[in-house]
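For the single chain, residues carry numbers from 1 onward in sequence order.
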Amino acid sequence: MIRFFEVKQQLFGNDKLAKDITIDDLDDDDREALKVGTFQIAGRDTSHRQIVVQLPGIRKFRRLLNEMRARFYTAMQVLSSEQNQMKGVVAIAYTAGSFKVRSKRAGFFEHRRLTLSLPIHIAAIHFCLDDPKQYFLLKVGLPAISAKVHTRVRVHYGS
């Protein structure tokens, strides 16, 4: 929980630590990053868990801070539902076709820190990709992580 408040402080400052983040807390550049839709709330699965889709191939932001603040805001919207807190969410990372990642993964460590700080229970993760190198790395790397996490991860390969 300490990490969550450290990240929140870095993104929004001391005066927002004890307050909910609202759309009014985002500046124009943050809102533009939000409109791009890199991180979207997409409905529910058959178990009524919230689906969150990440489309890293369409990333567009003025500064990395803008994208981080937009992502934090979206995550807080997901967490505003008690049902999402109890059942968890399903994350889908879609990097196939025109949504393929074109950047050099700018902000990878910053986004990883944000993701690990969020008090969101990830019930399942789906990676959808069409790059054989990414597929191989995920399939080889998955057995190296804990069995608890491994059983919740699926890799989908194809076009």
dist L64:CG -> F108:CZ (nearest 0.5 Å) comes out at 13.0 Å
Determine yes or no for a side-chain-to-main-chain donor-acceptor pair under 3.5 angstrom, with K8 supplying the side chain and K16 the backbone. yes
Find out whether L129 and L138 are in side-chain contact, i.e. whether some heavy atom of one side chain is under 4.5 Å from a heavy atom of the other. yes
What do the steps show when you test E32 against K35 for salt bridge (Lys or Arg N to Asp or Glu O under 4.0 Å), and what is the final call? CA-CA 5 Å; E32 284 301 314; K35 286 179 189 175; 3.6 Å; yes
Of E110, M68, R113, the residue whose pairing with Q10 passes side chain to side chain contact (heavy atoms under 4.5 Å, CB included): R113
Side chains of V36 and R59: does their closest heavy-atom pair fall under 4.5 Å? no
Value for CZ (F39) from CG (L114), rounded to nearest 0.5 Å, stands at 8.0 Å
Counting only N and O atoms by type, is there a donor-acceptor contact under 3.5 Å from the side chain of Q50 to the main-chain atoms of G43? yes
Just wondering, are more than 12 heavy atoms of other shown residues or ligands nearer than 6.0 Å to CG in D28? no
Pairwise side-chain contact, R44 with I51, heavy-atom cut-off 4.5 Å (strictly under): no
Taking the side chain as every heavy atom from C-beta outward, state whether R69 and L26 have any pair of such atoms under 4.5 Å apart. yes
Between CD on residue E67 and CZ on residue R62, distance to nearest 0.5 Å: 15.0 Å
Over 60° means perpendicular and under 30° means parallel, so tell me whether F72 and F4 are parallel, tilted or perpendicular. parallel
For D27 against D29, the heavy-atom pair lying closest together: OD1-N, 3.0 Å
Compare every heavy atom of V53 with every heavy atom of A42, then report the nearest pair and how far apart it is. CB-CG2, 3.7 Å
Could you grab the distance from atom CG of L34 to atom CD of Q77, nearest 0.5 Å is fine? 9.0 Å
Show every donor-acceptor pair shorter than 3.5 Å between a side-chain atom in residues 85-93 and any protein atom, with sequence neighbours excluded, or say none if there are none.
{"from": "Q85", "atom 1": "NE2", "to": "L79", "atom 2": "O", "distance (Å)": "2.5"}
{"from": "K87", "atom 1": "NZ", "to": "S47", "atom 2": "O", "distance (Å)": "3.1"}

Report the C-alpha separation of Y135 and V155 in whole Å, then their side-chain angles, then the decisive distance to 0.1 Å, and conclude whether the side chain to side chain contact (heavy atoms under 4.5 Å, CB included) test is met. CA-CA 7 Å; Y135 178 75; V155 180; 3.5 Å; yes
Please examine the side chains of C128 and T95, heavy atoms only from C-beta on, and report whether any two atoms are closer than 4.5 Å. no
Looking only at the side chains, is there a donor atom on one of R71 and T115 sitting less than 3.5 Å from an acceptor on the other? yes
Closest heavy-atom contact between M76 and L118? CE-CD2, 3.8 Å
Non-hydrogen side-chain atoms of F5 and S117 separated by less than 4.5 Å: no
Please check if I2 and L116 belong to a single hydrophobic cluster, counting links between Ile, Leu, Val, Met, Phe, Trp and Tyr side chain heavy atoms closer than 4.5 Å. no
S81 side chain to V78 main-chain N or O, any donor-acceptor pair under 3.5 Å? no
Please test Q40 against T74 for side chain to side chain contact (heavy atoms under 4.5 Å, CB included), starting from the C-alpha separation and ending with a verdict. CA-CA 7 Å; Q40 299 179 23; T74 305; over 6 Å; no
Just wondering, do D131 and F136 contact through their side chains at under 4.5 Å, heavy atoms? no
Would a hydrophobic clustering, with Ile, Leu, Val, Met, Phe, Trp and Tyr connected at side-chain separations under 4.5 Å, put Y94 with I58? yes
Is it the case that more than 12 heavy atoms not belonging to I23 sit under 6.0 Å from its CD1 atom? yes
Please check this pair: side chain of R152 against backbone of I122, looking for a donor-acceptor N/O pair closer than 3.5 Å. yes
Nearest 0.5 Å, what's the CG-CG distance between D25 and D15? 8.5 Å
